[in-house]
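Below you'll find the structure, written out as structure tokens, and then a few comments.
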Amino acid sequence: MAKKITQKTKTPMPCRDAEERSHSFEEVSLGYTLEDARREAERCIECKNQPCIAGCPVEIDIPAFVKAVADGDLTRAFVVLSEKNLLPAICGRVCPQEEQCEKVCTIGRKFEPVAIGRLERFVADWAAAQGLEAEGVRVAPTDKKVAIIGSGPAGLTAAADLARRGHQVTVFEALHEPGGVLIYGIPEFRLPKSIVAREVHALERLGVEIKTNHVIGRTFTIDELFTELGYEAVFVATGAGLPYFPNIPGVNLVGVYSANEYLTRSNLMKAYRFPESDTPMIRAANVAVIGGGNTAMDAVRSAKRLGAEHAYLIYRRSRDEMPARKEEVEHAEEEGIEFLLLASPTEILGNERGRVTTIRCQRMALGEPDASGRRSPKPIPGDTFDLAVEVVVFAVGQGANPLISSTTPDLHVNKWGNIIADPETGATEKKGVFAGGDIVSGGATVISAMGAGRRAARAIDSYLAQGMTDGA
Amino acid sequence: MYPVLSNEQLAPDVHRLWIEAPHVIRKRRPGQFAILRISADGERIPLTIADVDHARGALAVIVQGVGKTTRQLNRMAPGTAVLDVAGPLGRPTDIHPGSRTCCIGGGIGAAVVYPIATGVKAQGGYVVTILGARSRDLVILEDDLSRVSDHLVVTTDDGSYGRHGLVTDALKALLDEGAVFDEVVAVGPLPMMRAVCEVTRPIGLRTVVSLNPVMVDGTGMCGGCRVQIGGEQKFVCVDGPEFDGHQVDFDELASRLRAYREQEQEAAARYDEECASADMWAV
Ligand SMILES: Cc1cc2nc3c(=O)[nH]c(=O)nc-3n(C[C@H](O)[C@H](O)[C@H](O)COP(=O)(O)OP(=O)(O)OC[C@H]3O[C@@H](n4cnc5c(N)ncnc54)[C@H](O)[C@@H]3O)c2cc1C
Ligand SMILES: Cc1cc2nc3c(=O)[nH]c(=O)nc-3n(C[C@H](O)[C@H](O)[C@H](O)COP(=O)(O)OP(=O)(O)OC[C@H]3O[C@@H](n4cnc5c(N)ncnc54)[C@H](O)[C@@H]3O)c2cc1C
Ligand code: SF4
Ligand code: SF4
Ligand code: FES
């Protein structure tokens with residue numbers, strides 16, 4: 001260990017004022033200045049084992065890029081980053097770093113870890129401002145056609161990698177705008193849509209064709225992509241788009257939303273700008289969001305921004321068990337989100353017009369750890385409370401959308417509807433069909449979906465090279 | 001962009017537009033719909049694909065101007081274009097070859113029933129159609145429907161055309177006369193579909209209805225279109241839009257359709273004002 005630690009905590013991230021931002025969809029975190037970044041990068045002690053690299057699902061050479069930042073050589077930093085990560089501006093913002101690269105950082109054992117995510121974001125934003133683009137080797141074009149279904153992080157990554165290998169790539173997207181959850185789910189205040197659009201444009205410059213408004217399974221089936229449209233390989237990256245509603249009375253009252261619908265209306269359809277935009281949503285003074293993940297956090301913070309006086313987050317375990325990124329939980333709290341922990345809804349009550357008036361909750365206590373290792377919540381008998389709300393948003397997980405599997409009989413799914421694919425290659429049991437991202441893993445992370453896209457691209461490339469002799 | 005090829009008025013506030021969208025019609029079957037978005041700030045709205053023209057790569061939608069987006073659409077001139085058309089969406093109609101089917105279309109429901117009747121006829125079925133409207137000027141698609149029907153009855157609520165009365169009166173009369181059907185397909189306002197189901201339920205006559213909840217994505221991702229069918233939750237955009245009418249919870253659907261009533265009225269009023277001032281300048 002060459003260096004001594006001079007600063008025990010992370011260099012703070014400049015943020016918009018909490019009160020101001022709770023009414024605005026502008027991005028909350030403003031990003032490091034060069035000075036901040038170099039100061040933070042200096043904290044890396046360039047330890048021998050470099051555990052951070054293995055902590056990153058795409059194995060970015062973190063010490064090398066951090067060192068380049070410390071040296072003030074941002075071009076080099078960007079080159080190192082882009083070797084492994086196609087979307088650093090996005091990952092720097094949304095990766096759950098405390099569970100990944102930063103979790104295992106050596107100095108994190110005693111102090112706060114190096115703020116790897118913030119540095120990654122800084123470098124990526126700097127590169128974008130300079131108009132720098134990831135180089136990537138481009139080889140001579142082949143005549144192989146590959147179809148990618150879904151334009152979330154898994155699909156975008158696979159498309160870029162395959163285009164760089166010279167293949168003719170088409171991305172089919174069901175919605176009118178590409179980006180997947182990055183566009184319809186994660187709000188502007190956390191991930192500006194201009195960043196996603198920039199990455200999509202970069203892809204188009206690589207020669208990738210993006211066909212929006214194409215719902216595979218309906219517009220064409222997977223078999224038709226092969227037989228009628230002449231694709232030689234297909235990558236299914238359709239995400240985890242099937243909302244769950246709990247089986248309690250009142251879930252179909254007016255005012256009850258899935259987080260997908262609530263966030264899609266707000267983000268993709270820009271309902272927060274109604275009536276300038278045409279898509280409405282119910283603006284309520286009191287909103288309850290159920291769940292403890294990133295999706296719940298995004299929904300409840302959006303509710304506040306849409307004008308709620310009281311935006312409640314109802315979660316059945318305690319704060320420590322919340323799966324959301326730590327930073328988002330802190331931001332939510334600063335913005336005045338009211339956390340109702342150890343509580344779970346049992347019923348939603350409505351008025352004579354079928355509109356939500358009240359959510360009834362059961363208080364919980366934590367019991368023994370369950371299979372996931374987290375302490376499982378147990379109801380406290382007789383301990384319930386009512387909360388007056390007009391909107392309830394469920395962010396209690398997602399299933400696999402069956403549109404593709406139900407129209408592709410020889411594509412096999414597990415009991416949760418997730419497509420069965422080889423974790424190393426994404427190969428499915430159907431010849432020429434690969435799958436990855438949330439449709440395989442269930443709801444996971446942006447970076448893991450990208451990792452799956454990258455692995456599948458590699459496998460598809462060799463599958464195409466082998467003259468498609470070797471099927472699954 | 002998807003060009004509007006033609007726009008023809010069928011009744012007050014009801015237009016038929018042909019729109020070029022080759023990818024949507026290639027695989028389209030009767031009963032399916034498309035989702036359209038006119039412009040960048042526009043709403044996504046579901047519309048039944050009423051007809052297709054493979055030579056032109058175009059689909060027909062028949063639109064009733066009930067709110068901002070549908071009124072905007074009805075004003076679109078040939079040569080303009082809509083920004084997005086996605087589809088075909090929903091499950092195709094479950095057509096039993098050779099079936100004796102009574103197709104009932106009330107109001108704009110005729111636009112949804114027309115492709116279904118066409119499909120049943122093409123599969124060798126026997127089609128009796130009951131076409132209902134409030135008054136004579138609101139009767140649409142009479143010629144088109146009579147071409148694909150073995151027998152067509154028109155009813156108007158006020159008696160200004162055809163048989164005086166509701167579609168259910170005509171259905172009861174047919175049944176009383178001894179007509180035998182394998183199934184009934186009823187599409188129209190919720191109270192109409194419910195009333196038809198009440199006629200057919202006691203005699204155990206299978207009745208299919210096409211539901212029209214508010215939708216967003218149309219792919220099963222948002223759950224906004226959920227309905228209760230026989231106590232089970234279904235998503236109309238992927239599991240429907242057609243369901244066994246005897247299993248539908250119409251009360252719940254009716255209340256969910258009113259979810260955005262106030263905002264819709266606000267948007268429509270603003271749009272009408274804009275149109276009024278635009279028209280003023282045009283004079
Ligand atoms: C609200 C929210 C917040 C999140 N926050 C974070 C976070 O902070 N950090 C993090 O790491 N992860 C976060 N996640 C999880 C992360 O976004 C996902 O794990 C990731 O986006 C999955 O990527 P994907 O490419 O597999 O699918 P998706 O991003 O879901 O994209 C799938 C795409 O496929 C399209 N599609 C689906 N079916 C079809 C079809 N039949 N035909 C054509 N196209 C189709 C969809 O429209 C969509 O565009 C969040 C998720 C949500 C919902
Ligand atoms: C599968 C399906 C197929 C459809 N096919 C057709 C069709 O072929 N022709 C046609 O004219 N309409 C059809 N509709 C209805 C059409 O989608 C709505 O009329 C449209 O979304 C209204 O949009 P708007 O912005 O003009 O009005 P809004 O401002 O959204 O609403 C105005 C009024 O219409 C009511 N409304 C809103 N959404 C719907 C809806 N989905 N169904 C019925 N009423 C609604 C509102 O309660 C309000 O009173 C279909 C709907 C579905 C779900
Ligand atoms: S991609 Fe994510 S996990 Fe990897 S270094 Fe960046 S922030 Fe950490
Ligand atoms: S683990 Fe932490 S200290 Fe070690 S190299 Fe990685 S970032 Fe630097
Ligand atoms: S419209 Fe979103 S699930 Fe049906």
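Atom set for the values below is all heavy atoms of this structure, side chains included, hydrogens, waters and symmetry mates excluded. Please read these numbers as outputs of a predicted model, since none were measured by experiment. Lettering of chains follows the sequences in order, A, B, ..., and the numbering in each one begins at 1.
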Requested in this report: Apply the side-chain contact (heavy atoms from CB on, under 4.5 Å) test between B:T207 and each candidate in B:H246, B:M193, B:R201; give the one that qualifies.
Outcome: B:H246
**Report entry** Minimum heavy-atom distance between B:R256 and A:V256, given as atom pair plus value
**Finding:** NH1-O, 4.4 Å
Query raised in the report: In terms of heavy-atom pairs under 4.5 Å, which option from B:V85, B:V227, B:D217 contacts chain A the most?
Result: B:V85
Query raised in the report: With respect to chain A, which residue among B:G90, B:G87, B:A254 yields the maximal number of heavy-atom pairs within a distance under 4.5 Å?
Result: B:G90
Interface residue of largest heavy-atom contact number with chain B, from [options], under 4.5 Å:
options	result
A:H214, A:E177, A:K270	A:H214
A:T221, A:N247, A:T279	A:T279
A:G354, A:P402, A:S277	A:S277

At a heavy-atom separation under 4.5 Å, does [X] approach chain A through its side chain, its backbone, both, or neither?
X	value
B:R28	neither
B:V216	side chain
B:R37	side chain

Please classify the contact between [X] and chain B as side chain, backbone, both or neither, with a heavy-atom cut-off of under 4.5 Å.
X	result
A:Y262	neither
A:T264	side chain
A:N252	both
A:L403	side chain
A:E224	side chain
A:L263	neither

**Report entry** Test: B:R226 cationic atom under 6.0 Å from A:F245 six-membered ring centre, within 45° of axis
**Finding:** yes
Query raised in the report: Has A:K211 got its NZ or CZ under 6.0 Å from the middle of the six-membered ring of A:F172, at an angle within 45 degrees of the ring axis?
Result: no
Query raised in the report: Hey, are A:E390 and A:T357 close enough side-chain-wise for a donor-acceptor pair under 3.5 Å?
Result: no
Query raised in the report: Could you go step by step and tell me if A:I210 and A:V171 meet the side chain to side chain contact (heavy atoms under 4.5 Å, CB included) rule?
Result: CA-CA 5 Å; A:I210 300 182; A:V171 178; 4.3 Å; yes
Query - A:R265 and A:E261 ion-paired at < 4.0 Å - result: yes
Query - Any donor-acceptor N/O pair, A:T407 side chain to A:I404 backbone, under 3.5 Å - result: yes
Query - Verdict with supporting geometry, A:I149 and A:V234, side chain to side chain contact (heavy atoms under 4.5 Å, CB included) - result: CA-CA 7 Å; A:I149 310 174; A:V234 172; 3.6 Å; yes
